[in-house]
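One structure is given here, and the rest of the page talks about it.
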Amino acid sequence: MTATAALLPEPVLQLQGVGLTYPGPPSVTALHPGDLTVHQGDYLAVVGPSGAGKSTFLNIVGLLDTPSTGRHLLDGVDVATLSDARRTALRGTRIGFVFQAFHLLPHRTVLENVELSMLYQRIARRVRRERAAEVISRVGLAHRASALPTRLSGGERQRVAIARALAAEPSLLLCDEPTGNLDSTTTSSILDLFDGLHRDGMTIMVITHDEQVARRARRTVTIRDGHLTETEPERQL
Ligand code: ADP
């Protein structure tokens, strides 16, 4: 190993020959063995037609499903070696999920929604509250911290969901069709927020059907018939 390589941080995600075949019958190979390396600060879009294997891929990357073949490292940890409990803990601390449908608690305030996401981590209450206020402010909602989600617009709700995902200070922000329920102006403001988080060094992976969303990412991975391929990035001028 060269001195430079020794200084490089561990990739956030390494998939080596990772694939998944649902046993059936009949068995379905939803993801053919493929490789992908994601470094800290990467911003990727994962695209592909319906049925191509995007959810299967998301479930693997999000530690919600186990590949049937290959090696999967998250922050250098070989996920296959972990007990269910340690896997769940790793998922809770290293992956921040953002979904299309927000999944906020309707009878809890914005602040409580974000704070409650840290409940099962060993973080003191005071620190939880401070950190919640910080991420709410980061997504531009400090003035709505005491509002209920039902009083918020779709875009604001997604900002709360993003704040909640950021609260655990995850290694990877994993977003599944995050703008699927939003109009194009609101989508654009959420994409501006992702750009800002990317500039701050956050690692972001967005699974999307939407060209407008995919264009903003710095890397594009396409899944087609369960095959993963990366499109060469267009260099930013
Ligand atoms: P996408 O998210 O891109 O629409 P999926 O990952 O959901 O695609 O599905 C990929 C393929 O795997 C499809 O052919 C789908 O029918 C199949 N599939 C998904 N889940 C299962 C399962 N639990 N058992 C068997 N086949 C499945």
Side-chain angles (χ1 to χ4, degrees), residues 12-38 42-74 78-80 82-84 87-88 90-92 94-104 154 157-158 161-162 164-165 170-184 186-187 190-191 194 203-233:
V12 171
L13 173 70
Q14 285 172 278
L15 301 178
Q16 298 164 345
V18 162
L20 195 152
T21 298
Y22 293 109
S27 70
V28 176
T29 299
L31 200 63
H32 292 274
D35 300 336
L36 182 71
T37 301
V38 175
D42 279 355
Y43 180 6
L44 289 91
V46 177
V47 300
S50 187
K54 297 186 301 301
S55 304
T56 303
F57 177 78
L58 171 98
N59 289 343
I60 291 173
V61 172
L63 306 185
L64 298 163
D65 209 346
T66 312
S68 38
T69 177
R71 197 149 176 265
H72 176 188
L73 306 179
L74 178 61
D78 187 342
V79 172
L82 301 177
S83 65
D84 281 353
R87 243 173 107 80
T88 304
L90 195 71
R91 181 169 61 233
R94 309 290 174 96
I95 300 196
F97 288 95
V98 176
F99 301 102
Q100 176 171 351
F102 322 136
H103 298 305
L104 301 174
R157 287 181 205 190
Q158 194 56 303
I162 293 168
R164 179 182 56 190
S171 305
L172 176 67
L173 192 64
L174 183 56
C175 312
D176 188 13
E177 298 286 0
T179 59
N181 282 344
L182 306 177
D183 62 47
S184 92
T186 312
T187 292
I190 293 292
L191 294 177
F194 284 160
T203 312
I204 308 174
M205 185 184 285
V206 183
I207 283 121
T208 185
H209 274 100
D210 185 342
E211 246 313 293
Q212 184 192 358
V213 177
R215 267 200 308 270
R216 296 282 279 269
R218 303 302 154 96
R219 295 174 61 187
T220 306
V221 170
T222 303
I223 305 183
R224 204 174 286 278
D225 296 329
H227 293 278
L228 233 143
T229 49
E230 179 154 4
T231 318
E232 280 306 307

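Atoms within a ligand are numbered from 1 in the order they appear, just like the ligands themselves. Keep in mind the model is a prediction, meaning the values are calculated, not measured.
Counting the atoms of ligand 1 from 1 in the order shown, those under 4.0 Å from a heavy atom of A52 are 1 (P), 3 (O), 8 (O). Of all atoms in ligand 1, listed by their number and element, those nearer than 4.0 Å to a heavy atom of K54 are 1 (P), 2 (O), 3 (O), 6 (O), 8 (O). For ligand 1, the atoms closer than 4.0 angstrom to any heavy atom of P49 are 3 (O).
A donor-acceptor contact shorter than 3.5 Å links the side chain of R91 to the backbone of L63. Judged purely by atom type and a 3.5 angstrom limit, S68 uses its side chain to pair as donor or acceptor with the backbone of T21. In this structure, the side chain of E230 does not engage the main chain of R219 through any donor-acceptor pair within 3.5 Å. Between the side chain of K54 and the backbone N or O of V46 there is no donor-acceptor pair closer than 3.5 Å. Proximity of a side-chain donor or acceptor of N181 to a complementary backbone N or O of Q100 within less than 3.5 Å is detected. Of the possible polar contacts, one joining the Q158 side chain to the F99 backbone as a donor-acceptor pair under 3.5 Å is found.
Looking at atom 18 (N) of ligand 1, its nearest protein heavy atom turns out to be Y22 CE1, 3.6 Å. At the shortest separation from atom 12 (O) of ligand 1 among protein heavy atoms lies A30 CB, 3.3 Å. Scanning the protein heavy atoms around atom 6 (O) of ligand 1, the nearest turns out to be T56 OG1, 2.6 Å. Remark: minimum distance from atom 13 (C) of ligand 1 to any protein heavy atom is reached at G51 O, 3.7 Å. Atom 17 (C) of ligand 1 has its closest protein heavy atom at V28 CG1, 3.9 Å. Of the protein's non-hydrogen atoms, S55 OG, 2.6 Å is the one closest to atom 2 (O) of ligand 1.
We find that R71 and D78 are joined by a salt bridge, their nearest charged nitrogen and carboxylate oxygen being less than 4.0 Å apart.
The presence of a protein heavy atom under 4.0 Å from atom 8 (O) of ligand 1 is confirmed. In this structure, atom 15 (C) of ligand 1 is not in close contact with the protein, since no protein heavy atom lies within 4.0 Å of it.
Between H32 and H227, the two ring planes are parallel [angle under 30°; tilted spans 30° to 60°].
Among the atoms of G53, some N or O lies under 3.5 angstrom from an N or O of ligand 1.
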